[in-house]
Every structure is written in C-alpha cells, then in structure tokens.
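To keep things clear, I will list the structure first and then write my remarks on it.
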Amino acid sequence: MRIAFLSLLLASAACALPAATTAGPANNLAFDSPIVNHPYLAVKRPSAPAKQHSFAAAAAAPDASFHHGVASGDPLSDAVILWTKVTSNASEVSVSYQVAADAAFATIVSAGTVATNADVDFTVKLDITGLLPATTYFYRFTSGASVSPTGKTHTIPTADTDLASYKLAVVSCSNLPAGFFNAYAAIAKRTDVDLVLHVGDYIYEYQNGKYGDGTSMGRIPQPNVELSTLSDYRTRHAQYKTDVDLQAAHLAYPWVTVWDDHEFADDSWIGGAEGTKPGLPGPWEPRKLAAMRAYFEYMPIRAALIDGVGKIYRNFQVGKLFDLTMLDTRMSGREKTDIKDSSIVNAPNRTIMGFPQEKWFNDQLSASKARGAQWRMVGNQVTFAPTRVLFDSIMVLPPDSWDDYPANRKRVMDYITGNQIQNVVMLTGDIHTGLAFDVPYSSTKYTRSSGKGSALVEFVGASVTSDGMSFLQSTALYVALPHLKYANGRKHGYMLVSIDKQRVNTEWHVMSTIAARDFSDKVDAVMETASGSGHITYKHISIF
Ligand SMILES: *[C@@H]1O[C@H](CO)[C@@H](O)[C@H](O)[C@H]1NC(C)=O
Ligand SMILES: *[C@@H]1O[C@H](CO)[C@@H](O)[C@H](O)[C@H]1NC(C)=O
Ligand SMILES: [Fe+2]
C-alpha cells in the first residue's frame with residue numbers, strides 16, 4: 001500500500017509522538033452472542049481475571065498453549081480484531097495480550113488480560129481500539145509459561161485519505177483433505193499485500209472421502225463425520241487453524257472474511273440446505289446456529305449489528321480509493337436454492353440477499369459514490385455474471401449462483417445503471433475456477449470486441465484446494481459466453497488485486513501443485529479494468 005505524500009507526513013508525525021501504554025479491553029468477545037440483537041445466544045462471561053501474565057517469564061518457555069496460531073481481522077482506521085485460542089486442561093484460563101508499534105514490543109500501545117473457558121472453546125477475541133490509521137502493529141498473547149507467535153496487522157487509512165494504491169489477496173474454497181494450502185503459504189511469503197479477503201468456504205463440513213480424501217497427506221478432517229453439532233463445527237475450525245500455511249497467512253496480514261455454504265452445509269440458505277436431505281444430519285436451525293457460533297468464535301470478525309438472523313454483510317471505507325463491501329448471499333436472506341420450478345426461480349420478488357441487505361447494498365453503493373470513492377469493490381460469494389448458455393437453456397454451473405436469482409440480479413443491475421454508479425468490481429469465489437467477466441446490463445446490447453454494454457466487471461478466484469471445472473466445462477463456457485474473458489478450473493491459487501486510481505489489476509496466481517508442500521507460484525492470467533470503463537480493458541493469459 002502506498003499513501004499520498006501529505007497523509008504519509010501526517011501519519012509519521014503522529015507516530016513520532018510518544019505512544020502511551022493504554023489498558024486494552026478486558027472483554028473477550030467470544031462470549032458475546034454472534035448475533036448482537038439475539039443476546040440469548042451469548043454465554044455467561046467469567047469474572048474479570050486480575051492476574052497479568054508476564055511476557056518476560058513466558059518468553060523463555062516453549063510455545064505450548066497456542067497451537068492454533070493468532071489472527072487479526074476487520075481492520076478499521078482506529079481498531080482491529082485480534083484472535084487466538086489456548087489449549088489447556090484447566091476449566092478457566094486467563095490470557096494476557098500486548099499490542100505494540102514495533103516487533104520488539106518496546107512501544108506497547110495496548111495491553112490487558114482476559115479470561116476464556118470451555119464455554120467458548122478457549123477462544124479469545126478482542127476489539128483493540130484507539131489505534132492510528134494506516135499503521136502496522138504487532139501483537140502476541142501469553143498464558144502461564146507459554147507465549148504465542150507474534151502476529152502483524154495493519155489498520156486501514158481514514159476515509160478521507162488520498163490513498164494511491166492498495167493490494168488485496170483474495171482466496172476462497174480451502175478444503176483441507178483436497179490438498180495443501182500452498183496458496184496461503186504463497187500469500188504469507190509476499191511482502192506487498194495489505195489485506196487478505198476470504199470470500200467463503202474457509203472450512204468444509206464433510207467427512208473424509210466425501211469431498212477430497214486426505215488420507216495420503218495426513219489431512220483427514222476432524223471429527224471424521226459430516227458436521228452437525230457445535231462440538232463438531234468447533235473441532236473442525238480448530239483443526240483448520242492448526243494448518244501451518246493458514247497460520248502463516250493469518251500471522252502476516254489482517255483478514256476480512258465472510259462465510260459461504262460450506263461453513264454450514266452444501267448449498268445452504270436461511271431455511272435449510274442440500275446437506276439436510278434425508279440421511280444427513282439435521283434438523284437445520286440448531287445446526288445453522290452451531291455453525292454460526294463456531295464461526296464467530298474462530299474467525300477474527302466483529303459480531304454483527306443486525307435486523308435478522310446471521311447478518312455479516314459489512315462495509316469498509318479504505319481511504320478515498322475504494323469501499324470494500326462484503327455481501328452475504330448465503331445466510332442473510334437467501335430463499336431456497338436448487339429449485340427446478342421456473343415460476344419460483346423467475347418470480348419478480350426472488351431474493352438471494354434478502355430485502356434488508358439489498359436496500360443496505362444500494363445505500364452503500366450510493367454513499368460510496370457520494371463520498372467520491374474511486375472504486376466499489378464487492379466481496380461476493382457465488383458467481384454474479386450470467387453463465388447460462390444458449391438463451392439460458394443450458395446450465396454449466398450448478399444451480400446455486402445469482403443465475404438462480406435473476407430478479408435480484410436485475411434489481412442490482414438496475415440500481416447500478418440507473419444511478420450511474422461506476423467502477424464496481426465484484427470479487428467472487430465458490431466455483432473453484434478462475435473466471436473474468438464483463439457483466440453486461442443486457443446480453444443483446446453487449447459487444448464482445450469492445451466490451452460496450454458492460455456495467456461492471458467480476459473477477460472469480462480459483463480455489464485454494466477444492467476441485468474446479470474440467471477443461472471441457474471451462475472451455476465450453478469460454479466459447480459460449482462472449483462476456484467471459486478467462487476460464488481455468490484446473491488450477492488452484494489466489495487472486496492478487498491491485499487497486500489504484502486509474503485501474504484495478506487482477507493477477508490469477510496458480511500453484512504448481514497442492515499435493516505437496518514444495519510448490520512454485522506463477523501468474524496464469526492478468527485482467528485489468530480502467531476507471532470509468534465498466535469492462536475489462538486489458539487482458540493477458542499465459543499459455544504455459
Ligand atoms: C492435559 O492433560 C493431558 C492428559 O493428562 C496431558 O497429556 C496434556 O499434556 C495436558 N495438556 C496441557 C496443556 O496441560
Ligand atoms: C414473493 O411473492 C410470492 C407471491 O406473492 C410470495 O408467496 C412470496 O412469499 C414472496 N417472496 C418473498 C421473498 O417476499
Ligand atoms: Fe467451495
């Protein structure tokens with residue numbers, strides 16, 4: 001990330017002031033309800049621990065209690081969420097933390113002690129406030145004789161900062177038994193990323209062998225059942241957090257995450273899932289709430305302020321350069337998915353977002369335009385662009401994307417074009433295939449060669465490990481859809497999205513293998529959209 005000269009001067013002036021050591025929050029947010037206006041979902045908070053553990057005493061001891069690493073997320077210009085988990089046989093443990101301006105922890109800016117216990121699976125989640133904008137911080141935890149690894153995080157610039165550029169690493173679909181998380185290792189090795197975006201399927205709910213077999217790699221999902229209880233979801237999240245590559249990527253950067261279906265069950269929606277059909281674990285409501293609670297315990301995100309069940313859609317104003325608007329097309333209002341009845345699919349009030357989120361999204365887009373943000377980056381789960389071929393008659397993708405909610409998509413497109421909202425870029429996951437789309441307002445008015453008629457662009461990432469489209473499928477789609485500029489389902493990796501005032505440039509980074517930890521990282525394709533164009537203005541696809 002680069003900041004324009006003036007704000008850099010201001011920021012360094014502020015940094016030069018002596019930083020006061022402030023007592024940090026004594027609240028472990030893991031005890032809160034994941035859903036703020038459903039307080040009955042909170043669990044009883046233990047009384048505040050008095051004892052501050054000494055990092056000096058712990059520093060000499062091995063890292064015995066922090067097997068799940070540390071993480072940070074949802075950075076604001078003055079706050080960031082910190083996360084860890086303690087392994088302990090005690091019924092209750094206190095954990096001290098430090099946040100510092102330097103890696104040696106000479107300048108502590110926040111410190112405190114919180115309690116955790118089995119009621120929250122020994123997770124710790126803190127909202128550290130009072131931080132400076134666009135500033136790097138280091139953080140660590142200690143409990144008894146153990147000290148955690150040191151994590152590095154970064155606050156975002158204030159909304160009025162004249163920010164020159166910003167880089168996102170975008171990931172999705174990390175299925176543990178399908179292979180090694182080399183994409184996470186590759187991201188951790190970089191030094192130029194500002195924020196990692198995970199747009200869903202951070203965990204998968206399956207038993208080993210049902211979707212990927214991890215036996216030969218020692219990556220057998222725990223517990224080895226299809227997840228349904230709180231204990232199941234917690235155990236699976238905890239196992240993922242022991243992956244060294246995942247830990248390395250959390251250690252290096254703040255993340256912004258949302259769930260898709262597999263944090264719950266395959267093809268889920270607010271009222272059920274494909275995975276609740278007979279023979280699979282149910283009933284749905286307790287399963288959904290268990291999955292949600294485990295997600296909020298284990299992920300470095302702020303609990304949601306909401307009007308319904310399960311809202312995690314939220315917005316970040318990243319300088320004057322862009323708004324990052326995270327959608328939840330899964331649990332906030334999605335009507336039943338996998339529907340064959342076309343009168344339901346094509347109903348004018350069909351919704352994948354739910355009406356409150358749809359209104360909120362429209363308001364975010366307008367507010368972003370009104371405040372003069374250059375770009376509107378949208379974190380989205382399932383493919384937004386139309387992908388049905390031959391006049392909508394042939395479905396290449398499974399019936400779980402925006403294609404199955406056409407009225408909702410049309411309302412979004414109507415709003416964007418009707419209000420002349422430019423520079424919208426969707427960043428998507430779910431389909432395990434690198435795809436780049438111009439998104440035309442009307443397929444009949446779209447020109448393949450010039451991109452004329454496109455209202456926005458969509459970049460879809462390949463998966464971290466989940467199986468993607470076959471060569472035949474992606475080639476058929478590429479040939480059939482004039483607005484599709486790139487399709488590759490055989491590779492795994494991440495998208496590196498570089499945003500500046502003139503353009504958004506996306507590189508699809510692919511890993512040479514996910515079957516071993518030894519890999520190389522190469523760029524498979526580059527797509528760019530120029531500010532004001534509404535379509536892909538530069539493309540390069542590697543032929544090797
Ligand atoms: C917890 O107890 C088990 C069994 O007694 C022991 O093997 C393990 O080392 C203990 N763990 C900790 C963190 O004390
Ligand atoms: C859409 O309209 C139909 C018919 O009026 C109604 O049954 C259905 O509940 C509505 N769906 C939503 C999401 O409002
Ligand atoms: Fe997935």
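Values in this document were obtained by computation on a predicted structure and should not be read as measured data. First listed ligand is number 1; within each ligand, the first listed atom is number 1.
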Within-cutoff protein neighbour (heavy atom, under 4.0 Å) for atom 14 (O) of ligand 2:
yes
Within a 6.0 Å radius of atom [atom1] on [X], are there more than 12 heavy atoms belonging to other residues, nucleotides or ligands?
X	atom1	result
Asp518	CG	no
Lys539	NZ	yes
Lys369	NZ	yes

Parallel, tilted or perpendicular for Phe181 and Tyr184, by the 30°/60° rule?
perpendicular
Parallel under 30°, tilted from 30 to 60°, perpendicular over 60°: which one fits the rings of Phe384 and Trp402?
perpendicular
Kindly confirm or rule out an N or O of Thr351 lying under 3.5 angstrom from an N or O of ligand 2.
no
Can you confirm if the NZ or CZ of Arg287 lies within 45° of the ring axis of Tyr233 and under 6.0 Å from the centre of its six-membered ring?
no
With the Fe ion (ligand 3) as the reference point, give the N/O/S atom of Asp201 that is nearest.
OD2
For the Fe ion (ligand 3), which N, O or S atom of His432 is at the shortest distance?
NE2
Give a yes/no answer: is there an N/O/S atom of Tyr204 under 2.8 Å from the Fe ion (ligand 3)?
yes
Within 2.8 Å of the Fe ion (ligand 3), is there any N, O or S atom belonging to Cys173?
yes
Please classify the Glu335 to ligand 2 contact at 4.0 Å (heavy-atom distances, strictly less than): side chain, backbone, both or neither.
side chain
protein heavy-atom neighbour closest to atom 10 (C) of ligand 2 works out as Asn349 ND2, 2.5 Å
